[in-house]
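Below: the structure, in C-alpha cells.
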There are 2 protein chains.
Amino acid sequence: MKPVVTIEPNWQLCSDCAVRASAVCSSLDGIELREFEHLGRRVHFSSGETVFSEEDITTSFYNLVEGVMRLYKLLTDGRRQIVGFALPGDFLGMNVSGRHNFSADAIGAVTVCQFAKAPFGRFIEDRLHLLRRINELAIRELNQARDHMVLLGRRSADEKVAAFLLGWRERLVSLTGASDTVPLPMSRQDIADYLGLTIETVSRTFTKLERHGVIEIIHGGISLLDPAKVEALAAA
Amino acid sequence: MKPVVTIEPNWQLCSDCAVRASAVCSSLDGIELREFEHLGRRVHFSSGETVFSEEDITTSFYNLVEGVMRLYKLLTDGRRQIVGFALPGDFLGMNVSGRHNFSADAIGAVTVCQFAKAPFGRFIEDRLHLLRRINELAIRELNQARDHMVLLGRRSADEKVAAFLLGWRERLVSLTGASDTVPLPMSRQDIADYLGLTIETVSRTFTKLERHGVIEIIHGGISLLDPAKVEALAAA
DNA sequence: AAAGCCAGTTGACCCAGATCAATTTTGGAG
DNA sequence: CTCCAAAATTGATCTGGGTCAACTGGCTTT
C-alpha cells in the first residue's frame, strides 16, 4: 500500500475544526489556538494506508480529525490483535519509550492533524491545562483498555459481539447522534481481531443474531432491532 | 474479609521511603517532599483485604509501598479478570469518572501510602513535574495494558503462561534484582484470572513445563531452568 | 497426631470456537 | 453490462482448553 499523502495548504483553522470541542485542543483558549494552528498540519490518508507502525521512532503525534483508524499489534507469526479503533477527536502517538507501541492504519479515508514531536513537546511544556487534558485522555483510554481485557479474557463469543456492537454504537453517539443503526466501517476480519475471535465466528454470530431477530445486517453496518436483547446478551 | 486497617503514627518520612526513587514522588524535590509527607498516611492491609472496590467513589489515591496487590474487574455472574498486579512504586486510583474502575486487594501483607483525593488534587494543581510523572506512569500502564490485550486475545495457553513468567520476572528485576528464581505470591486462581484461563489449565501447563525440564515448581514460586526455552515458548 | 481444610494437581470427558473448505455476495474496473 | 478479486457467509470437522470430579499434600487447629 503506497502512502499517497496529500499535504494541503495550511489554511485550515483550528477554530473551524470539526473536533475542536472534543480533542486535546479543547483545553486551549483563543490566543493559544492561534499558535497551536502553526504546529499542526493536516494530512490525508486513503483507505488501508498506514499512518505509523509499531516500533517506529516517534516523530509525530496525531489528532484524528476525520475517519476511522485501526490500532493494532502484530505477533511475529502474523497474528494480529486490534487494541482499539480511533475516532475523530482521538489523540494518538503518546509513548514513553520514544517508539510507537502499536501500528495505526486508515479504515476508509482519514484526515489527521499531525504535530512534529519536538515543537509539540515544547508547546506543552508549560501549559498545565493541555497536559491535564492529555492525562485525562490517557486515563480514559486506560479505563477502556481494562474493560477490553475483561472482554478478551472472560467473555464468550456471543457476549463479545454484543458488547462490541453496543460499545461501538455508544462511541458514535457523540459524533453522529444516538441511533439503532450502527455503521461498521471496519471489516469482519478487523472485528475478529479486535474481539479475539476468527472471522468465521464473527460472521456466524452476526447471522445467528439476525436469525433470532435481534439485529439486521445491512449494507455497511447492522441495525439493532432489539437493543434490550443485545444488552442482555452482552451480560455486563 | 473484615478490614483490619492499622494507621500508624505519621512519623514515616518520605526520604526514608523504600519506593522514593520509583514512585510518583520521584518527581519531587526536598522542599516539596516535606509538604507531601503531610498529605499521605501509611496504611497496612493484611492478606486478602480489599483496599478499594470498583464503582466505589474515589476518595483516595494510593501509592503501593510494600507488598503485592491484585487489580481486577468482576462480571455480574462472578467471572473475574485480573487486569494487573501492582508492585511497590505503583500509583493506584486515578480515574476520570470519580469512581474506581477496578477493585484492588492485598496479596499478602501490604503497605500503602494513602492520599485523600482533594488535598492531593490541590497539591498537584500547579506542579507540572508531578503531573508529568503521573502522565508518564499512565502512558506506561496503557502500553502494558495493550500488550496484555494481545496476550489475552491472540496467544495460546502455553504462550500465556510463558509470557507471564517472563513478564513477572522482568517486573521484579528493579525490586529484587535479576534472578531465574521467580517468586509467585499470587495463587494459581489469580494467575488463571490474569491470563484468561482456568486454574486447571494453569496447573497443567506448569506441570508440562516442569516435565519438559523448562521450569521447576518450587515452594512459593518457580525456577526457570531454561529461560531461553521459556522465551521461545512465549513467542514474542 | 488426628482431623479438617484449602490450594493445587491430575484424569476423563465435552464443547465453544478454531480450522479447513467451499460457495455466495459485493464492489470495482473495463 | 461482464469479469474479476476480495469480503463475507456457510458447512463439516477437529481440537485446545473448559468442565466436572476425584485425589493429594501442606498447613492449622485441637
Anything under 30° is parallel, anything over 60° is perpendicular, the rest tilted; go ahead and classify A:Phe52 against A:Phe102.
->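 The arrangement is tilted - the two ring planes meet at 30° to 60°.
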Taking the six-membered ring for Trp, are B:Tyr194 and B:His148 parallel (under 30°), tilted (30 to 60°) or perpendicular (over 60°)?
-> parallel
Please confirm whether B:Arg80 makes a cation-pi placement over B:Tyr72, using NZ or CZ under 6.0 Å from the six-membered ring centre and within 45° of the ring normal.
-> yes
Separation of [N] [atom2] from [X] [atom1] (nearest whole Å):
X	N	atom1	atom2	value
A:Leu195	C:dA18	CG	C1'	15 Å
B:Leu233	D:dG16	CG	P	15 Å
B:Arg155	D:dG16	CZ	P	18 Å
A:Ile107	D:dA7	CD1	C1'	15 Å
A:Ile218	D:dA8	CD1	C1'	16 Å
A:Lys208	D:dT9	NZ	P	15 Å
A:Leu197	C:dA16	CG	C1'	11 Å

Would you indicate, yes or no, if C:dT25 has its OP1 or OP2 atom less than 4.0 angstrom from a side-chain nitrogen or oxygen of A:His219?
-> no
May I ask you to check whether B:Thr50 and B:Ser53 show a side-chain donor-acceptor distance below 3.5 Å?
-> no
Angle, rounded to 10°, between the helical axes spanning five pairs at each terminus of the helix from C:dA1-D:dT30 to C:dG30-D:dC1?
-> 40°
Taking only Lys NZ, Arg NE, NH1 and NH2, and the carboxylate oxygens of Asp or Glu, determine whether [X] and [Y] approach each other closer than 4.0 Å.
X	Y	answer
B:Lys73	A:Asp147	yes
A:Arg42	A:Glu66	no
A:Glu54	B:Arg146	no

Do side-chain atoms of A:Asn95 reach the backbone of A:Gly93 as a donor and acceptor pair under 3.5 angstrom?
->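 Answer holds: yes.
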Residue of the set A:Asp90, A:Asp193, A:Asp190 for which salt bridge (charged side-chain N to carboxylate O under 4.0 Å, His left out) holds with A:Arg70 =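 Looking at A:Asp90, A:Asp193, A:Asp190, the match for A:Arg70 under the salt bridge (charged side-chain N to carboxylate O under 4.0 Å, His left out) is A:Asp190.
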Can you check each nucleotide of nucleotides 6-13 of chain C against protein heavy atoms at under 4.0 Å and return B for base, S for sugar-phosphate only, - for none, in 5' to 3' order?
-> --SBBBB-
With a non-hydrogen cut-off below 4.0 angstrom, is A:Gly220 in contact with a base, only sugar-phosphate, or nothing?
-> nothing
